[in-house]
There are 2 protein chains.
Amino acid sequence: MRKKSDGDRSTSLHDVTIVDVADEAGVSYATVSRVINNKDHVSPEKRERVLRAMAQLGYVANLQARSLAGGSSHVVGLLVNYLSSSYTIEIMRGIDEVLQTHHYDLVLYTTHTRKTKESAYVARLTRHLADGLLLILPQETTSYLDALRQRRFPHVLVDYLSDGAYAPSVATTNFQGAYDAMNYLLELDHRRIGFITGGRETGCAQQRLEGYQAALKDHGLPYDPQLVYYGKFLQPQGYQGAQTLLNLADPPTAIFASNDSMAFGVMEAARERGLHLPEDLSILGFDDIPQAAQVHPPLTTVHQPLNKMGQRAAELLLDYMADPLAPIERIELPTDLIIRQSCQRRSER
Amino acid sequence: MRKKSDGDRSTSLHDVTIVDVADEAGVSYATVSRVINNKDHVSPEKRERVLRAMAQLGYVANLQARSLAGGSSHVVGLLVNYLSSSYTIEIMRGIDEVLQTHHYDLVLYTTHTRKTKESAYVARLTRHLADGLLLILPQETTSYLDALRQRRFPHVLVDYLSDGAYAPSVATTNFQGAYDAMNYLLELDHRRIGFITGGRETGCAQQRLEGYQAALKDHGLPYDPQLVYYGKFLQPQGYQGAQTLLNLADPPTAIFASNDSMAFGVMEAARERGLHLPEDLSILGFDDIPQAAQVHPPLTTVHQPLNKMGQRAAELLLDYMADPLAPIERIELPTDLIIRQSCQRRSER
DNA sequence: AAAATATATGCAAACGTTTGCATCGACTGG
DNA sequence: CCAGTCGATGCAAACGTTTGCATATATTTT
């Protein structure tokens with residue numbers, strides 16, 4: 001029982017609806033809806049009239065009503081665990097680019113790594129708000145992934161390739177990237193190489209660790225657990241890890257961090273100890289976020305095409321939204337070792 | 001005419017609605033709605049029963065229906081011109097924090113500085129989708145700001161304090177910040193100080209320029225337009241600006257960039273020219289984004305409480321959403337000169 | 001104790017769409 | 001020339017809420 005004076009319809013205060021357009025064009029509102037949704041069974045002449053009326057009245061679709069009535073909301077949800085990392089932002093940019101060209105809106109949820117929140121948001125989004133869902137580096141997938149799949153709710157994971165969860169995803173060649181990086185360090189004669197991992201629960205961190213181990217093995221070097229520090233992809237843990245590793249009786253001559261942020265933390269610690277970079281310590285990162293090229297010395301790192309990952313994820317999602325029954329696809333993009341100046345041949349001393 | 005087999009109601013496929021909750025609790029759905037919205041006129045006993053039923057059935061409100069029926073959508077729109085800059089992200093984090101605690105969702109629009117898009121999005125959002133609107137560093141405000149105010153649609157601008165547009169906003173003491181920074185450089189005996197501005201159309205860029213000019217004047221120094229390069233807040237323009245300024249017949253001994261990103265560009269250019277920092281060139285930024293402390297040498301810069309700005313903006317918006325008739329408020333937060341290592345006393349030579 | 005008032009509750013309409021079904025007219029084939 | 005088809009169009013129901021109004025019940029006042 002909304003009150004609305006009769007005059008409203010003629011004033012600018014009243015939002016113009018499908019009915020107004022219909023009146024203006026002299027057709028029924030069902031026809032207008034058909035025009036809007038590009039359906040068949042509308043004569044070219046009326047279609048033209050409707051289009052003109054829409055433009056004239058400045059019609060803007062009401063998404064709420066549309067999706068309530070069973071249409072699509074033209075909204076996709078994006079679940080992100082931590083907003084600040086450049087890693088996330090770069091991926092978001094890629095996503096945003098393609099979503100924008102397809103005229104989709106983006107609802108953003110940050111979970112701050114609270115697992116409970118993640119589930120709650122997924123429920124919220126998939127119930128009503130969004131047509132599809134993108135998850136960047138999700139923490140706990142098991143709890144809702146099954147539900148998503150069962151309900152055939154379109155979704156794509158970015159950067160998660162655990163073995164258990166079989167879901168559409170976009171990731172990179174984490175194993176190979178780490179392997180290549182290690183090869184490079186080993187060729188620079190480093191023999192004790194520290195490794196700082198990311199969150200244990202993420203697939204990509206696990207794979208990078210495996211790449212590290214495999215490279216050692218292929219070079220006939222032993223795997224020393226002491227040289228591995230368990231971080232969570234954040235800079236302070238890189239700092240802490242470096243301190244721990246460099247305090248070892250037989251400290252590493254190179255440290256490979258599982259992402260760039262932690263590599264920055266390593267740099268910080270090294271500098272604080274009065275070490276010269278890269279002479280006294282070689283440092284290698286993973287991700288190639290924009291800052292990697294800007295720090296000093298510029299960071300040698302494994303490039304992930306973050307922007308591209310976002311794009312592909314969004315495109316894949318759009319595919320699923322068009323056809324929820326499409327087969328599950330897992331895209332893996334290649335990484336690339338970017339050699340800058342943070343690594344050096346181990347000095348003979 | 002949705003088809004839905006009768007069995008659905010009992011299966012998990014059917015979304016649980018207010019009606020289901022009402023049935024379960026043995027009350028009418030209107031009562032359930034009242035409980036959900038914390039309205040009066042519900043007996044404690046029934047309220048309790050409804051709450052229990054909601055929990056048991058796992059009820060999730062349908063935002064679409066809610067806002068269609070005249071309630072609030074619990075969504076706020078965020079308009080951002082460029083996603084990648086840390087400046088933006090830090091503000092977003094602040095916004096996200098408070099919105100999250102108030103259980104609001106965030107719809108993100110990036111305009112990529114396309115003015116036409118900005119207007120279109122505002123129309124889209126304010127018509128239906130969102131209850132309120134936040135704009136970070138909006139480019140063209142004149143076109144829709146009047147409309148927002150007239151319709152009493154809650155909105156808050158972040159970092160825009162032009163004289164013309166009188167709108168609720170959160171910003172910092174741009175003039176004073178620039179003035180303080182200049183004072184510092186002048187006290188370090190620099191006499192030719194280059195300035196790289198941000199986008200001419202933004203209020204903050206304008207005010208920083210004025211601070212620059214005022215400081216010169218107060219120290220009895222002439223204003224040399226040659227020393228001012230017009231950028232747009234992006235790193236490449238800092239690089240370009242530095243090249244231009246350092247190519248001058250009488251180049252500056254210090255460069256003050258209107259934001260940190262451009263200061264990084266200056267560093268890049270300086271290093272490329274083989275200059276030693278800070279011995280050969282003092283560099284000063286504005287914003288104090290996280291990277292400022294990480295580059296080498298660590299950047300002396302004017303700290304803006306970006307996170308806080310976001311928080312205050314969101315809080316202010318919530319106020320307006322609670323009371324759209326509240327008087328227009330313009331918050332100005334203090335800046336703070338953070339002295340790191342990118343500036344040095346001008347060497348006598 | 002009756003009247004007046006306040007409180008609790010339910011009913012039904014409305015929000016702006018989408019879409020199944022019915023209708024109507026025009027065209028096709030025999 | 002008539003039955004049969006098919007495309008164009010409109011009507012009305014449904015989506016899941018909120019909320020004004022009416023009604024029933026409890027509480028206060030006189």
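In what follows, every chain begins at residue 1, and chains take the letters A, B, ... in the order their sequences are listed. For clarity, every value in this text was computed on a predicted model and none was experimentally measured.
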To the nearest angstrom, how far is [X] atom [atom1] from [N] atom [atom2]?
X	N	atom1	atom2	value
B:D15	D:dA14	CG	P	18 Å
B:Y29	D:dT19	OH	P	14 Å
B:L68	D:dC15	CG	P	14 Å
A:M54	C:dG16	CE	C1'	14 Å
B:K39	C:dT7	NZ	P	16 Å
A:L57	C:dG16	CG	C1'	15 Å
B:Q64	C:dC15	CD	C1'	13 Å
B:L63	D:dT17	CG	P	10 Å

### Task
Kindly write out the residues that satisfy side chain to side chain donor-acceptor pair (under 3.5 Å) with B:D105, not counting sequence neighbours, or none if the list is empty.
A:Y109, A:R124
### Message
A:T202: which residues meet the side chain to side chain donor-acceptor pair (under 3.5 Å) condition with it, sequence neighbours left out?
### Response
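By the side chain to side chain donor-acceptor pair (under 3.5 Å) rule, A:T202 matches no residue at all.
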### Task
Indicate yes or no: does B:R93 engage B:D96 in a salt bridge with an N to O separation below 4.0 Å.
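No.
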### Query
For B:A65 and B:A30, take the nucleotide of DNA chain C holding the closest heavy atom to each; which residue's nucleotide lies nearer the 5' end?
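Its nearest nucleotide lies further toward 5', so the answer is B:A30.
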### Task
Only counting residues at least two apart or in another chain, list the ones meeting side-chain contact (heavy atoms from CB on, under 4.5 Å) with B:S67.
A:Q64, B:S73
Under 3.5 Å, N/O pairs linking protein and nucleotides 6-9 of chain D:
unit_1: D:dA8; atom_1: OP2; unit_2: A:H41; atom_2: N; d: 3.3
unit_1: D:dA8; atom_1: OP2; unit_2: A:H41; atom_2: ND1; d: 3.4
unit_1: D:dT9; atom_1: OP1; unit_2: A:S43; atom_2: OG; d: 3.1
unit_1: D:dT9; atom_1: OP2; unit_2: A:S43; atom_2: N; d: 2.6
unit_1: D:dT9; atom_1: OP2; unit_2: A:S43; atom_2: OG; d: 3.1

I want to check one thing: is the phosphate of [N], taken as OP1 and OP2, less than 4.0 Å away from some side-chain N or O of [X]?
X	N	result
B:N62	D:dC15	no
A:R66	C:dT18	yes
A:S33	C:dT18	yes

### Message
Using side chain to side chain contact (heavy atoms under 4.5 Å, CB included), reason through B:I95 and B:Q311 one step at a time and then give a plain yes or no.
### Response
CA-CA 5 Å; B:I95 291 171; B:Q311 289 179 11; over 6 Å; no
### Task
Please list all pairs passing the ring-ring contact (aromatic ring centres under 6.0 Å, His included) test where one or both residues lie in residues 44-74 of chain A, with sequence neighbours left out.
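As it turns out, the ring-ring contact (aromatic ring centres under 6.0 Å, His included) pairs with a partner in residues 44-74 of chain A, which skip direct neighbours, are A:H74-A:Y104.
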Would you mind writing out the side-chain donor-acceptor pairs for residues 314-324 of chain A within the sub-3.5 Å range, not counting sequence neighbours?
unit_1: A:Y320; atom_1: OH; unit_2: A:P327; atom_2: O; d: 2.9
unit_1: A:Y320; atom_1: OH; unit_2: A:E329; atom_2: N; d: 2.8
unit_1: A:D323; atom_1: OD1; unit_2: A:L325; atom_2: N; d: 3.1

### Task
If a pair satisfies salt bridge (charged side-chain N to carboxylate O under 4.0 Å, His left out) and one of its residues is in residues 46-64 of chain A, list it, with sequence neighbours excluded.
A:E45-A:R49, A:E48-A:R52
Would you be so kind as to tabulate the donor-acceptor pairs closer than 3.5 Å made by side chains of residues 33-41 of chain A, with sequence neighbours excluded?
unit_1: A:S33; atom_1: OG; unit_2: A:N37; atom_2: ND2; d: 3.4
unit_1: A:N37; atom_1: ND2; unit_2: A:S33; atom_2: O; d: 2.9

### Task
Grab the stems for DNA chain C, please: at least three consecutive Watson-Crick or wobble pairs, both distances below 3.5 Å, written as range with range.
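Only these stems qualify: C:1-30 with D:1-30.
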